[in-house]
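Take a look at the structure below.
This structure is a prediction, so every number in the text was calculated from the model and none was measured. Just so it is clear: chains get the letters A, B, ... in the order the sequence lines come, proteins before strands, and each one is counted from 1.
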There are 2 protein chains.
Amino acid sequence: MSQTVDRALSILPLLAEGPADLGQVADRLGVHKSTALRLLRTLHEHGLVHRQADQRYRLGARLFALAQEAVENLDIREIAHPYLVDLNEKCGHTVHLAVYEENEVLYIDKVESRYPVRMYSRIGKPVAITVAAVAKLILADLPEGERRALAEKLDYPMYTARSIPNAAAFLKELATVREQGWATDLGGHEESINCVAAPIRGADGRVIAAMSVSAPNVVVTAEELLTLLPLVRRTADAISREYSGGAPARDTPAPHTRAPHTPAHKAP
Amino acid sequence: MSQTVDRALSILPLLAEGPADLGQVADRLGVHKSTALRLLRTLHEHGLVHRQADQRYRLGARLFALAQEAVENLDIREIAHPYLVDLNEKCGHTVHLAVYEENEVLYIDKVESRYPVRMYSRIGKPVAITVAAVAKLILADLPEGERRALAEKLDYPMYTARSIPNAAAFLKELATVREQGWATDLGGHEESINCVAAPIRGADGRVIAAMSVSAPNVVVTAEELLTLLPLVRRTADAISREYSGGAPARDTPAPHTRAPHTPAHKAP
DNA sequence: AATGGCCGTTGCAGATGTTGCAATGAATGC
DNA sequence: GCATTCATTGCAACATCTGCAACGGCCATT
């Protein structure tokens with residue numbers, strides 16, 4: 001580990017507490033002022049710290065830009081894929097990954113069942129939004145107003161007798177899902193197929209994707225499938241953690257809990 | 001300036017583009033792998049980079065936490081936010097807030113349009129500095145010398161036919177903007193999008209930030225958008241007053257704004 | 001006005017940390 | 001099974017970093 005870099009990086013959390021002048025920084029680092037000055041200058045050139053009018057230093061907005069760019073380039077599919085494969089190897093069933101985009105829920109990854117009987121679905125295809133377990137999870141996390149507006153606007157095709165029939169029933173189901181943190185689809189799309197699903201959350205606690213395990217009745221009963229729920233949830237949580245940049249040990253809340261101090265606007 | 005720290009910090013923007021393995025990092029830094037490894041380790045210990053399952057590196061959660069604190073320390077954002085929300089509710093369009101820092105203009109807050117058609121932009125992203133209305137306002141207020149020097153240094157990408165093409169035209173536009181105290185961008189960044197913007201000033205009269213209202217042609221014409229100018233200016237002025245310590249203006253008390261946000265750390 | 005204290009800044013010589021090399025280990029692919 | 005690729009380690013040479021002391025600007029006090 002590099003001492004110089006270590007010292008420089010230690011300045012950042014220090015400044016996060018509030019602006020500080022050169023002397024304060026040097027003191028808290030335990031180094032000579034000239035050393036602190038040099039480190040601060042380097043941080044400054046990279047835009048990580050900003051010098052305000054009174055010559056004190058504070059964190060730079062560039063930090064924010066950096067974080068934002070990183071979030072934008074995060075590919076949930078790439079991160080999740082190995083976990084999906086792993087889950088498939090453990091349970092043998094079809095595993096799906098879905099995201100929300102423009103009022104639709106889309107499958108973006110899939111690992112096929114190892115059983116001969118497979119269900120039909122296609123990556124990139126919009127899911128049956130009113131019945132699919134992954135859709136329920138994602139929509140349940142939308143802001144109240146948006147959720148309601150969307151629910152009213154949707155069609156409720158009766159794929160089977162167990163399909164959700166109307167907006168009221170759908171909203172009620174979403175409330176349940178939101179409460180319990182997981183979802184199922186028991187024959188709501190195709191008579192003989194059941195799914196269990198769990199949400200994947202970003203660092204701010206919002207649901208950014210959902211994953212599910214699906215299997216036809218002829219292979220496992222709904223009850224048997226439900227026994228996989230803990231595993232599915234654990235996997236989803238692991239993906240959430242990885243997506244959020246790892247378990248930062250200390251002061252960041254667990255990825256699957258709602259951050260208490262979530263800011264007004266959220267990263268996409 | 002410290003070479004070691006400089007190299008380490010250069011890794012961050014590199015990783016913001018996407019995950020990279022040790023070799024890639026070493027190559028792009030132009031150093032030996034063992035050197036890159038050490039720097040990455042140090043960054044890792046501080047939580048700024050995260051090692052994913054496939055052993056590649058990406059930016060870590062700690063960076064996001066720091067970024068969060070960095071913006072929270074920008075008290076202009078705290079103060080302005082309710083006004084932005086209020087303005088959005090009055091006109092329905094996308095509202096932006098931007099500040100100047102280290103030769104860049106950055107969006108630091110945004111309230112989304114309530115119309116279905118939205119423009120892209122992201123908080124934290126540097127704005128298109130040569131065409132954005134908010135950038136014009138902020139740069140127009142720089143001291144003569146600095147303004148000219150910056151103008152010469154910039155690139156002038158032709159996003160559209162109406163983009164500002166060169167330093168001379170830019171300086172002329174800045175003079176106009178400085179004179180009139182407001183700015184527009186009429187299709188200079190994206191053909192179909194127009195903006196009107198007004199400056200937010202500190203107690204000493206200097207421009208410390210700028211806000212804008214943006215809308216696509218398909219929703220309102222440029223002329224219609226311009227009728228919002230007085231409202232935008234009034235809002236910006238109200239923010240200026242409150243920021244300068246003046247009593248929060250009574251005409252925009254922001255009735256149902258968010259709860260009093262835990263302020264970060266503010267010096268009296 | 002002059003003085004003293006405070007703080008940021010600079011140049012420098014010595015010492016410490018850093019660098020790149022070469023070799024090892026581990027994992028993957030052919 | 002062997003070859004390849006990649007991360008990792010120990011080490012010696014060296015470049016970089018460190019702390020010191022001195023300078024200069026700024027402000028409040030005398």
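- In the displayed structure, B:E179 atom CD is contacted under 6.0 Å by at most 12 heavy atoms of other residues, nucleotides or ligands.
- Within 4.0 Å (heavy atoms only), B:R56 reaches no atom of the nucleic acid at all.
- Counting to the nearest Å, the P atom of C:dG8 and the CD atom of A:Q52 are 13 Å from each other.
- Of the candidate nucleotides D:dT16, D:dG19, C:dG8, D:dT16 has the atom lying nearest to any side-chain atom of B:Q3.
- Nucleotide C:dC7 holds its P atom 14 Å from the CZ atom of A:R51, rounded to whole Å.
- Map A:L22 and A:S2 each onto its nearest nucleotide of DNA chain C; the residue landing nearer the 5' end is A:L22.
- Of the listed nucleotides (D:dC20, D:dT8, C:dG20), C:dG20 has the atom at the smallest distance from the side chain of B:V31.
- Between A:R41 and the phosphate of C:dT10, there is a side-chain N or O to OP1/OP2 separation shorter than 4.0 Å.
- The residue A:S34 sits close to a base: some heavy atom pair falls under 4.0 Å.
- How far CD1 of A:I76 is from NE2 of A:H81: 13.0 Å, rounded to the nearest 0.5 Å.
- B:R178 contributes a side-chain N or O that, together with a main-chain N or O of B:A140, makes up a donor-acceptor pair within less than 3.5 Å.
- Spacing between atom CG of B:L39 and atom P of D:dT16 amounts to 14 Å, rounded to whole angstrom units.
- When distances are taken from the side chain of B:Q55 to each of D:dC17, C:dT18, D:dA7, the shortest belongs to D:dA7.
- Put simply, B:R7 has no side-chain N or O that comes within less than 4.0 Å of OP1 or OP2 on D:dA15.
- Applying the 4.0 Å criterion to OP1 and OP2 of C:dT18, one finds that B:T4 has every side-chain N and O outside that range.
- Between A:M1 atom CE and C:dT18 atom P the separation is 9 Å, expressed in whole Å.
- Closest to the B:H32 side chain, of the nucleotides D:dC17, C:dT9, C:dC21, is C:dC21.
- In this structure, OH of B:Y57 is placed 10 Å from C1' of D:dT8, rounded to the nearest angstrom.
- Ring geometry for A:H50 versus A:H44: interplanar angle under 30°, hence parallel rather than tilted (30 to 60°).
- Across the protein-nucleic acid pair, B:D54 atom CG and C:dT28 atom P stand 12 Å apart, rounded to whole Å.
- Relative to the side chain of B:K33, the nucleotides C:dT9, D:dT8, D:dG19 differ in distance, and D:dT8 lies closest.
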From CA spacing to verdict: salt bridge (Lys or Arg N to Asp or Glu O under 4.0 Å), A:D237, A:R241: CA-CA 6 Å; A:D237 288 348; A:R241 272 192 297 278; 5.3 Å; no

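- Rounded to whole Å, the distance from CG on B:D6 to P on D:dT16 is 12 Å.
- At whole-Å resolution of the value, NE2 in B:H44 and P in D:dT8 are 10 Å apart.
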